[in-house]
Amino acid sequence: MAERGRTAGGLDASPAPALPTSPRLRPGVPNMRWSQTLIPTLREDPQDADVPSQKLMIRAGLIRKLGAGLFTYLPLGLAALRNAERIVREEMDKAGALEMLMPVLQPADLWKESGRFDGFGDLMCKFTDRNGHINVLGPTHEEVVTHHVRCEINSYRQLPVTLYQIQTKFRDEIRPRFGVIRAREFLMKDAYSFDTDWEGLNKSYQKMYDAYNATFKRAGLRFCIVEADSGLMGGDVSHEFMVLAEIGEDLLLRCDKCLYGANREKAECINEGKKWDLVHAPTYAPVQEVATPGVSTVDAVAKFLRTPAERIVKTLIYKVKGEPVAVLVRGDHEANPAKLAKHFGTAQIELADAATIEKATGGPLGFSGPVGLKIRKVADNTLMNLTNAVTGANKLDTHIVNVNLDRDFTIDAYADLRFAAAGDRCPRCEGTLALSHGIEVGHTFKLGTKYSESLKAEFLNDKGELKPCIMGCYGIGVSRLLAAAIENSHDKDGILWPPGLAPYSVHLVSVNPKDAKVATASAKLYESLNAAGIQVLWDDRDAQAGVKFKDADLLGMPVRLTLGGRGVDAGTVDLKPRNEAAQRPVPLAAVVAEVRSALEKYAATFAK
RNA sequence: CGGGGCGUAGCGCAGUCUGGUUAGCGCGCCUGGCUUGGGACCAGGAGGUCAGCAGUUCAAAUCUGCUCGCCCCGACCA
């Protein structure tokens with residue numbers, strides 16, 4: 001925590017009368033006395049907040065909502081945000097990335113050049129300016145940074161370079177929710193690396209990967225790293241940095257034995273390859289049609305035929321580039337659209353409507369099956385194991401039992417097409433995958449040449465050849481990080497700030513500050529802590545002690561100091577770490593050392 | 001975009017179904033008193049275009065229509 005004691009000169013703009021002023025120890029924190037700052041705490045939960053971090057951020061006076069997905073940071077929230085920003089910036093600088101600042105407003109032409117103008121669709125805010133030019137509010141900055149690189153970099157001698165900024169992004173989310181976790185306007189750190197070759201990209205990528213690890217560790221987060229799909233961004237290798245939290249919108253699978261982790265879309269499934277009949281059914285039984293009136297869902301069929309869902313073949317009819325294709329997965333599995341897209345090499349994949357299904361299979365929706373089906377059939381790997389299975393009959397209210405692969409139907413291609421599920425075998429070792437929820441706070445991509453080719457970010461190599469830059473991009477949701485930290489670290493009374501993010505290290509409560517001796521002793525204590533470089537929020541309000549204690553718990557600074565009349569008489573102040581129930585008196589003379597050791601002890605609980 | 005819900009004082013809510021005094025309650029806020037180690041107490045007080053617009057009616061927070069905003073579920077997704 002040595003980095004927290006930066007001084008910025010004595011610029012206290014509003015000295016309190018009769019009390020000495022103190023140097024401002026951290027830029028962005030304008031005042032340390034409660035009576036002189038704005039910390040509007042709320043006793044009750046706000047009506048329109050639904051997750052703990054959002055409730056606490058509003059109740060603790062960190063943020064206020066302006067509109068759907070729009071938040072104002074009040075002084076205390078801004079202090080925390082600046083801390084997050086500072087950690088990110090320091091780790092980026094340490095990794096050799098260069099900070100710059102690009103406009104939020106961008107010409108749409110750049111986005112048309114990269115081909116993403118339509119791809120982003122309504123997620124991107126667009127408008128026409130007075131001159132008739134279309135502009136966008138940048139949801140990300142690949143296009144802009146690549147534009148600058150193509151203008152300024154033309155030789156391999158100028159590479160590699162990694163550029164970054166910390167700046168506001170706009171995304172017109174379909175449904176903003178969870179407070180700053182999915183906001184329409186948010187603070188993001190975005191970095192972009194440019195290399196001459198893939199080997200260089202691997203090095204640049206590793207530097208960012210390591211910097212992300214360091215950043216999230218310093219922020220005190222419980223996080224894990226998972227393999228991810230690169231989606232709209234392009235490229236192949238991609239990692240997500242996930243904060244483990246119940247309310248997280250992302251699903252991830254992690255191995256209980258090794259370090260393998262992947263988000264649900266990406267998680268690989270291995271086929272353990274046990275033929276069902278080796279265990280359960282010794283021989284192929286004859287095919288038989290059975291009437292299943294009104295029974296079409298897998299669950300219902302399983303119940304109706306008293307068969308486990310895993311013995312049912314689920315036949316989904318998709319439209320792939322407009323063509324109907326049958327996708328077969330086991331009844332207890334789910335088809336994974338991301339894997340389908342990869343398999344078919346196109347994003348144009350959608351479930352077919354009832355009319356298309358009738359036309360393609362000859363039967364109604366809900367009763368499709370592979371037997372006799374003329375269209376292309378692809379199957380998830382696990383289907384190889386099935387024997388004497390149940391499928392739809394392509395006929396209303398009818399299923400077929402004892403269906404067997406190759407005897408009764410054939411498959412055009414097998415692939416990993418399903419979502420991994422809890423309990424699956426780890427694709428890397430003998431372990432088992434478990435499902436968790438996560439909040440994505442960081443994402444790294446090896447982009448390759450997607451943008452450097454479309455936007456012509458090219459350089460001359462040492463042989464005089466023109467080559468596109470090999471790019472990577474790296475994002476951190478800075479504002480989201482705060483909410484994630486609170487999701488990780490709160491109790492029924494309020495926040496427990498990780499030390500790296502805490503707006504103040506110490507929350508000093510004066511009990512009955514109208515008592516002159518308490519006021520004087522508190523001021524002295526406050527000054528000595530300031531002089532020692534410890535950030536203090538001094539609750540100097542004339543309020544009930546209980547009110548102040550509740551607020552201190554809500555705000556969640558690491559250490560609370562309480563000074564009242566009896567403490568002044570005894571020459572002690574009561575010290576209570578936020579994560580402990582009990583307080584203890586420490587001699588006023590030793591308070592700096594005591595606070596330091598308490599802070600260290602507190603910090604240790606956030607270290608993994 | 002589909003489904004559901006909400007909008008009344010700074011915050012949290014009642015009142016709306018069944019139209020009818022001066023629109024209430026808790027918290028917060030202001031003044032005074034008393035108090036101050038876990039959300040005190042007493043007295044007095046300020047604060048409302050009842051989301052907006054239009055309509056029905058002798059009379060609308062309340063009934064009708066439209067509009068706006070917000071929240072939840074789903075689809076979608078850096």
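Residue numbers begin at 1 in each chain, while the letters A, B, ... track the order of the sequences. All values below were derived from every heavy atom in this structure, side-chain atoms included, with hydrogens, water molecules and symmetry-related copies excluded.
Across the protein-nucleic acid pair, Q47(A) atom CD and G7(B) atom P stand 9 Å apart, rounded to whole Å. Here C72(B) presents its C1' atom at 14 Å from CD of E249(A), a figure rounded to the nearest Å. Look at CZ on R182(A): it is 13 Å from P on G74(B), rounded to the nearest Å. Rounded to a whole Å, the CZ atom of R175(A) is 12 Å from the C1' atom of G5(B).
Picking from C72(B), A78(B), G12(B) the nucleotide with the shortest atom distance to the side chain of D50(A) gives C72(B). You'll find that the side chain of D48(A) is closest to C70(B), out of C11(B), C70(B), G74(B).
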For nucleotides 35-43 of chain B, just jot down a letter per nucleotide in 5' to 3' order: B, S or -, based on protein non-hydrogen atoms under 4.0 Å. BBBBBB---

Going 5' to 3' through nucleotides 46-52 of chain B, assign each nucleotide B (protein heavy atom under 4.0 Å from a base atom), S (under 4.0 Å only from sugar-phosphate atoms) or - (no protein heavy atom that close). -------

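In this structure, R64(A) reaches neither bases nor backbone, as no heavy-atom distance under 4.0 Å exists between it and the strands shown. Residue E440(A) is in base contact, counting any heavy-atom pair closer than 4.0 Å across all strands shown.
Applying the ring-ring contact (aromatic ring centres under 6.0 Å, His included) rule to W111(A) yields the partners F120(A); only residues at least two apart in sequence or on another chain are considered.
Residues R64(A) and I58(A) have side chains in contact (heavy-atom distance under 4.5 Å, counting atoms from C-beta outward).
Side-chain contact, K189(A) with Y212(A): a donor N or O sits under 3.5 Å from an acceptor N or O. With 3.5 Å as the limit, one finds no donor-acceptor pair spanning the side chains of S204(A) and S193(A).
Contact record, G448(A) with L201(A): N-CD2, 4.4 Å, taken as the closest heavy-atom pair.
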